[in-house]
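Report on the structure given below.
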Amino acid sequence: MLDILLMIVSVALIIVCLLQSGKSDGIVNALTGQSSNLFANQKERGADLILSRITVGLGIAFFVIAILIRMG
């Protein structure tokens with residue numbers, strides 16, 4: 001039962017990670033020396049905030065289920 005749940009959480013985690021908007025723009029600007037808002041406080045809003053929270057929840061669920069499978 002936990003094996004199937006782990007597979008579902010894994011697939012959901014992959015999908016949610018792929019749906020998130022890319023943040024590589026700041027990394028490219030930092031490496032090229034261009035001015036950027038890399039260290040500015042930018043808060044996530046709307047769909048990005050929801051996807052970020054879902055990702056954290058699924059990540060925690062993944063590790064908890066993996067530990068439970070290993071212990072049992």
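Numbers for residues simply follow the sequence, beginning at 1. Side chains are part of it too, since the values below use all heavy atoms of this structure and drop only hydrogens, waters and symmetry mates.
In terms of heavy atoms, L6 sits closest to A66 at CD1-N, 4.2 Å.
The side-chain contact (heavy atoms from CB on, under 4.5 Å) with L58 is formed by just one residue from the set I14, L13, I15; it is L13.
Residues V11 and I60 share a hydrophobic cluster, clusters being chains of Ile/Leu/Val/Met/Phe/Trp/Tyr side chains in contact below 4.5 Å. In the hydrophobic cluster analysis, where Ile, Leu, Val, Met, Phe, Trp and Tyr join through side-chain heavy atoms closer than 4.5 angstrom, V56 is grouped apart from I8.
Atom CG of residue L19 and atom CD1 of residue I54 lie 9.5 Å apart, to the nearest 0.5 angstrom. In this structure, CG on L5 lies 3.5 Å from CD1 on I65, to the nearest 0.5 angstrom. The CG atom of L68 sits 13.5 Å away from the CZ atom of F63 when rounded to the nearest 0.5 Å.
Side chain to side chain, S52 and Q20 fail the donor-acceptor criterion of an N or O pair below 3.5 Å.
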